[in-house]
Amino acid sequence: MPAPRIKSPHLLVAESGADREGHGLKRTMGLFQLICFGVGAIVGTGIFVGLSDSVAQAGPAVVVSFVLAALTCVFTAFSFAELGGAIPVSGSSYSFAYAGLGESTAFLVGWCLLLEYGISISAVAVGWSQYVNELLHSLTGHQLPAVLSAGPGDGGVVNLPAVIVIAMASVLLVRGVRESARATAAMAAVKLAILLAFCVIGYSAFKDGNLTPFSPAGLGGIGAGTTAAFFSYIGFDAITTAGEEAKNPRRDIPVAILVCMGLVTLLYCAVALAAIGAIGGDQVAGRPAALSYVVNQVTGSAVGGGVIAFGAVVAIASVVLAVMYGQTRILMSMSRDGLIPRVFEKVSPKTSTPVAGTLIVAVVFAVPAAFASLDAVMNLCTIGTLAIMAVVNIVVIALRRREPGLTRSFRVPLYPVAPLLGVGFCLYLMYETGWRTWLQFAVFLAVGLLVYVAYGRRHSTLARPATEAMPSAEAAPSAGVTPAGAERESQAV
């Protein structure tokens, strides 16, 4: 059996091309921008739209569900922080898997990232459409007709607002990362202010009795609520996709990940308690635009709900922007390695962004957002994301053994207990998705493996002679790798 093709962390950094004039990406993002980017990627549909689904499963115990989902993410966040500081490239978990477990595993991770980011972008865009209608209703008393605000599976024809938000995000991303970072920071500030205002309103009407019974569905309900709540945290890994555009990635990426996870967990628990404590879990469960409804009920006016709807519109738009950014950078890394067509690798010398890849992503993800009902595949997105997170935890262990001398600006605490707990939590939540989801996931992975065998393995840069796979002499010294060393490392391990 042939040994797996593994790229060393040094070669991945050398091949990133981040320092090539006119070819690579520009380092323009500082720590503050990275934190805002992380908040922008995480806080959105999960709390503004998905809260009602989590409450429907767990009741007031949804707070426990949020904490359990956060624990799953925190252990994995430690692993992302270590790897993001050690391998600061745009490929995120795909590149980490390439360095730790080999090319075939890395391709399947990239395949799952297409699922995670693709479905989440489309689902987030659909959630944005709901709040656009809520905002229009609060401002004008009218809403968009169903034929223009929902897909065929939801009683409409085309979800036009969902297409519009994806198009707006793609235009901003094409213009440049500096403009995208500024927009994301502004939108993050707005949505944090709106959610804090919601908490003030919700806690002003808080009643202890609304928290009983605390766990109407027992532990099973908490587990199901945790699986639903997990979707609210998807996106924190997108911070590591900025590895080639951060000014000081080895220091700032780990800090940004940990700050974002702590901030978001506190915010989610506070918002969930405020919503349920104000009007009760039965009133929140399963209700579209639940936060606006809570404010309307507490204040007796549609004005407050309109403000929340405005915050949701801004918040969800920022998620689309941040997650689309991450997807284009991951595809760029896979293209650079030859595993997908080269068009995704091309960076505009004018804007220093992957223009063609961004536009392709926008078109592909706009189609399901416009026409498809995504409820049936949300669990598939969740199990795919959990599988990626489990792999990242395993990669930390693999690289600690294979690359003990690798420069690590952050090290996972309580190693190896923390990454093993991360794997365990991921497997538990994967189990909670049910056997049908597992079957769908197995089929999805099988298709991905066929694509890898048919295209990726044959076109991989590691399948070429060493002289062709070697990075340019200009790039290698900048990463501390000599051309001769890079040639040796480009061989399959």
Show the numbers, then the answer: is there a side-chain contact (heavy atoms from CB on, under 4.5 Å) between Leu462 and Tyr98? CA-CA 11 Å; Leu462 292 188; Tyr98 214 150; 3.7 Å; yes
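- Heavy atoms of other residues, nucleotides or ligands lying less than 6.0 angstrom from CG of Leu219 number 12 at most.
- With hydrogens and angles ignored, the 3.5 Å screen pairs a side-chain donor or acceptor of Trp438 with a backbone N or O of Met430.
- Here Ala185 pairs with Phe32, Cys36 under the side chain to side chain contact (heavy atoms under 4.5 Å, CB included) rule; sequence neighbours left out.
- Every residue was checked against the side-chain hydrogen bond (donor to acceptor under 3.5 Å, both in side chains) condition with Tyr233, not counting sequence neighbours, and none meets it.
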Determine, stepwise, if the pair Met389 / Phe230 fulfils side-chain contact (heavy atoms from CB on, under 4.5 Å). CA-CA 12 Å; Met389 293 170 65; Phe230 174 78; 3.3 Å; yes
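- Each of Thr353, Val355, Leu321 was evaluated against Leu173; a single residue qualifies, Leu321, per the side chain to side chain contact (heavy atoms under 4.5 Å, CB included) test.
- Within the 3.5 Å criterion, the main-chain N or O of Phe365 finds a donor-acceptor partner in the side chain of Ser122.
- Under the side-chain hydrogen bond (donor to acceptor under 3.5 Å, both in side chains) criterion, Glu82 pairs with Arg400, Arg408, not counting sequence neighbours.
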Verdict with supporting geometry, Thr227 and Gln57, side-chain contact (heavy atoms from CB on, under 4.5 Å): CA-CA 10 Å; Thr227 303; Gln57 298 286 350; over 6 Å; no
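- Heavy-atom minimum distance, Leu12 versus Ala99: CD1-CB, 3.7 Å.
- The nearest pair of heavy atoms linking Gly59 to Ile276 is O-CD1, 3.9 Å.
- Between the Ser90 side chain and the Arg329 main chain, no donor and acceptor come within less than 3.5 Å of each other.
- Under the 3.5 Å distance criterion, the side-chain polar atoms of Thr105 are left unmatched by any main-chain donor or acceptor of Gly102.
- Atom OH of Tyr415 sits in a crowded spot, with more than 12 heavy atoms from other residues, nucleotides or ligands closer than 6.0 Å.
- Between Leu101 and Ile6, the closest heavy-atom pair is C-CG1, 4.3 Å.
- Across Ile166 and Ala362, no two heavy atoms sit closer than the pair CG2-O, 3.6 Å.
- Screening residues 28-38 for side-chain hydrogen bond (donor to acceptor under 3.5 Å, both in side chains) gives no qualifying pairs among residues at least two apart or on separate chains.
- Annotation: side chain to side chain contact (heavy atoms under 4.5 Å, CB included) contacts of Phe214 (sequence neighbours excluded): Pro60, Ala61, Val64.
- Taking the side chain as every heavy atom from C-beta outward, Leu113 and Met334 never approach each other to under 4.5 Å.
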Using atom types as modelled, flag every donor-acceptor pair under 3.5 Å from a side chain in residues 441-456 to any protein atom, sequence neighbours excluded.
unit_1, atom_1, unit_2, atom_2, d
Tyr452, OH, Glu103, OE2, 2.7
Tyr452, OH, Arg457, NH1, 3.2

Please set out all donor-acceptor pairs under 3.5 angstrom arising from side-chain atoms of residues 188-196, sequence neighbours excluded.
unit_1, atom_1, unit_2, atom_2, d
Lys191, NZ, Val39, O, 3.1
Lys191, NZ, Gly40, O, 3.3
Lys191, NZ, Val43, O, 2.5
Lys191, NZ, Ser318, OG, 2.7

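- Applying the side-chain hydrogen bond (donor to acceptor under 3.5 Å, both in side chains) test to residues at least two apart or on different chains, the pairs with a partner in residues 417-429 are Tyr428-Glu432.
- Within the 4.5 Å cutoff, the side chain of Gln327 has heavy atoms near those of the Leu114 side chain.
- Evaluation of the side-chain hydrogen bond (donor to acceptor under 3.5 Å, both in side chains) rule for Ser170 yields no partner, not counting sequence neighbours.
- Between the Tyr325 side chain and the Ala41 main chain, no donor and acceptor come within less than 3.5 Å of each other.
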Let me have the donor-acceptor pairs involving side chains of residues 71-78, under 3.5 Å, with sequence neighbours excluded, atom names and distances please.
unit_1, atom_1, unit_2, atom_2, d
Thr72, OG1, Leu68, O, 3.2
Thr76, OG1, Thr72, O, 3.2
Thr76, OG1, Asn393, ND2, 3.0

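- Looking at residues two or more places apart in sequence or on another chain, you find no side-chain hydrogen bond (donor to acceptor under 3.5 Å, both in side chains) involving Tyr268.
- Ser335 contributes no side-chain N or O that, together with a main-chain N or O of Leu331, makes up a donor-acceptor pair within less than 3.5 Å.
- Atom CZ of Arg436 is surrounded by 12 or fewer heavy atoms from other residues, nucleotides or ligands within 6.0 Å.
- For the pair Ser460 (side chain) and Leu339 (backbone), a donor-acceptor distance under 3.5 Å is absent.
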Donor-acceptor list for residues 250-257 side chains, cut-off 3.5 Å, not counting sequence neighbours:
unit_1, atom_1, unit_2, atom_2, d
Arg250, NH1, Gly85, O, 3.0
Arg250, NH1, Ala86, O, 3.1

For a side-chain contact (heavy atoms from CB on, under 4.5 Å) check, start with the C-alpha distance between Thr385 and Cys381, then their side-chain angles and the critical distance, and finish with the verdict. CA-CA 6 Å; Thr385 305; Cys381 174; 4.2 Å; yes
